[in-house]
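In what follows, chains carry the letters A, B, and so on, assigned in the order in which the sequence lines appear, proteins first and then strands, with residues in each chain numbered from 1.
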There are 2 protein chains.
Amino acid sequence: MILEIMQRAEKRIPHIVISRLPVYLRALRLMETQGKPYTSSQELAAWLGCTPAQIRKDLSHFGEFGKQGTGYSVNGLQKHLRNILHLNSEWPVIVVGTGHIGSAIANYTGFAERGFRVVAVFDNDPIKIGSQVGQFVVRDVAEVAAFVSEQPIRHAMLSVPADAAQSVADLLIKNGINAILNYAPVHLTCPPSVQVEYIDPVLHLQVMTYSVG
Amino acid sequence: MILEIMQRAEKRIPHIVISRLPVYLRALRLMETQGKPYTSSQELAAWLGCTPAQIRKDLSHFGEFGKQGTGYSVNGLQKHLRNILHLNSEWPVIVVGTGHIGSAIANYTGFAERGFRVVAVFDNDPIKIGSQVGQFVVRDVAEVAAFVSEQPIRHAMLSVPADAAQSVADLLIKNGINAILNYAPVHLTCPPSVQVEYIDPVLHLQVMTYSVG
DNA sequence: TAGATTGTTAATCGATTAACAATC
DNA sequence: TAGATTGTTAATCGATTAACAATC
């Protein structure tokens with residue numbers, strides 16, 4: 001039993017599997033608001049447009065969360081997924097860059113609802129520093145070091161212009177940030193200990209024009 | 001020769017290949033601003049953190065765009081990619097939903113810079129209809145049918161609350177929209193002729209906490 | 001018990017990569 | 001010519017899926 005757990009822990013779980021867990025979690029939350037106590041891999045798959053086998057296979061990397069004949073407890077599986085993803089406590093996040101995107105991010109309430117609290121907003125433009133963005137006073141990006149050393153912040157959302165993104169990312173990493181959600185439309189080159197995820201809406205539109213056009 | 005082209009056209013190109021073309025295009029644009037006339041699969045791969053073989057393989061689905069010994073013309077390859085993706089003319093896009101995200105999208109200049117023009121903004125909230133969002137007057141979503149029939153609009157960005165997303169998507173599809181970029185944190189069930197892409201920043205943050213946490 | 005659904009195995013399917021002849 | 005890099009092939013690698021014994 002303990003051996004099994006250890007063996008499981010040794011295996012490196014594919015990123016593609018990890019990336020689907022939050023999607024399952026999102027669907028389970030929705031099921032819960034609809035008052036659904038149990039679900040099955042089949043039902044979940046129908047909601048998500050994937051196969052039941054994929055869901056069961058994905059979950060099997062982490063343990064056995066279901067019951068034959070019954071399926072999964074909606075609430076129970078959520079708890080397991082939150083444990084796996086380390087979403088039990090709220091995570092602080094900083095926003096760097098206060099253009100249109102940065103301001104929108106800073107004011108978006110959807111983060112706090114799902115476990116991430118924007119705690120500060122930074123920019124390097126002297127005109128913007130000290131100004132108000134939503135409930136935040138924009139801080140000088142030069143103060144990131146001091147700010148991050150005060151509290152253990154690991155996540156940053158990066159919304160600076162493309163040509164500044166790499167150097168700002170380097171600065172953030174130097175100061176202890178190791179998870180960057182990059183809204184700037186450029187690839188970032190970072191050490192392997194740092195995780196980077198990308199959001200660029202134009203990419204999605206362009207992909208769709210391939211078959212629409 | 002003609003036979004080869006026909007054979008190529010018959011093959012169904014994997015979505016994952018299509019999804020990388022805009023990334024290549026984005027890098028080539030950046031190279032061009034830096035005054036670089038030529039590049040190679042090796043250099044491009046180094047910029048993007050992928051392998052040179054992958055880039056060559058991806059491009060080989062569509063034709064032969066490089067020269068042995070020399071590589072690719074930065075400008076020439078951009079043109080080929082724009083042709084493939086149907087990005088030669090500007091595409092009109094509508095925004096549906098004018099919360100924080102919708103407003104930010106409507107005001108974001110990054111779309112027009114890369115070939116997509118936001119032409120109208122819709123909502124179903126009577127309080128919002130008629131109000132100003134950036135340069136747009138918010139229209140009643142009930143007018144989508146009339147608006148879309150006037151000009152051939154295929155793309156919509158959907159930023160309504162999660163529980164309204166499916167029904168609004170259905171309405172858009174009924175009126176001729178067949179590419180939806182969905183910002184609402186729910187899976188949409190749509191006919192196969194309709195393409196849906198998803199953006200949910202929280203998903204990315206949650207994925208990163210798996211290993212950061 | 002009978003029906004349902006799990007977790008897992010093995011087969012299938014598809015994507016990535018290394019290697020190299022062709023050639024600029 | 002010599003060096004560099006392509007496009008393509010074949011091998012490898014990894015992900016998805018179907019099927020089913022186990023069992024609630």
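D:dG7 and C:dC20 make up a base pair, with Watson-Crick or G-U wobble contacts both under 3.5 Å. Across all strands shown, the partner of D:dT12 is C:dA15, judged by Watson-Crick or G-U wobble contacts whose two distances both fall under 3.5 Å.
Ion pairing of A:Asp200 with B:Arg26 is present here, as a side-chain N (NZ or NE/NH1/NH2) and a carboxylate O approach within less than 4.0 Å.
When the C1' atom of C:dT5 is taken as reference, atom CD of A:Glu64 falls 13 Å away, rounded to whole Å. Here C:dG14 presents its P atom at 14 Å from CD of A:Gln54, a figure rounded to the nearest Å. Atom pair A:Asp58:CG and D:dG14:P shows a separation of 17 Å (rounding to whole Å applied). Taking atom NE2 of residue A:His80 and atom C1' of nucleotide C:dG7, one finds them 14 Å apart after rounding to whole Å. Taking atom CZ of residue B:Phe65 and atom C1' of nucleotide D:dT8, one finds them 15 Å apart after rounding to whole Å. Atom pair B:Arg12:CZ and C:dG14:P shows a separation of 12 Å (rounding to whole Å applied). In this structure, A:Tyr38 places its OH atom 15 Å from C1' of C:dA4, rounding to the nearest Å. Between the CD1 atom of B:Ile55 and the P atom of D:dT5 there is a distance of 13 Å, given to the nearest Å.
The aromatic ring centroids of B:Phe122 and B:Phe147 lie less than 6.0 Å from each other.
Residue A:Ser60 places its side chain closer to C:dT8 than to any other of C:dT8, C:dT16, C:dT5. Considering only side-chain atoms of A:Thr51, the nucleotide from D:dT9, D:dT17, D:dC24 that sits closest is D:dT17. The side chain of B:Ala53 lies closest to C:dT17 when the candidates are C:dT17, D:dT17, C:dT5. Of the listed nucleotides (C:dT6, D:dT8, D:dT6), C:dT6 has the atom at the smallest distance from the side chain of A:Tyr72. Looking at the side chain of B:Gln68, the nearest of the listed nucleotides C:dT16, D:dT5, C:dT9 is D:dT5. Distances from the side chain of B:Ile16 to the nucleotides C:dA15, D:dG7, D:dT17 place C:dA15 closest. Nearest nucleotide to the B:Lys67 side chain, out of D:dA10, C:dT6, C:dC24: C:dC24. Among the nucleotides D:dA10, C:dA15, C:dA19, the one closest to any side-chain atom of B:Arg56 is C:dA19.
Ring geometry for B:His155 against B:Phe116 counts as perpendicular: the plane angle is over 60°, on a 0 to 90° scale with 30° as the lower cut. Relative ring orientation between B:Tyr210 and A:Phe62 is described as perpendicular, the plane-to-plane angle rising above 60° on a 0-90° scale split at 30° and 60°.
Residue-level contact check: A:Pro14 touches the backbone only, with heavy atoms under 4.0 Å from sugar-phosphate atoms and none from bases.
Between B:Lys57 and A:Val17, the residue anchored closer to the 5' end of DNA chain D is B:Lys57, taking for each the nucleotide with the nearest heavy atom.
Under a 3.5 Å cut-off, the side chain of B:Gln195 and the backbone N or O of A:Met208 do form a donor-acceptor pair.
A close approach under 4.0 Å does occur between a side-chain nitrogen or oxygen of A:Ser41 and OP1 or OP2 of C:dT6.
Residue A:Tyr38 qualifies as open at atom OH: its count of foreign heavy atoms under 6.0 Å is 12 or below.
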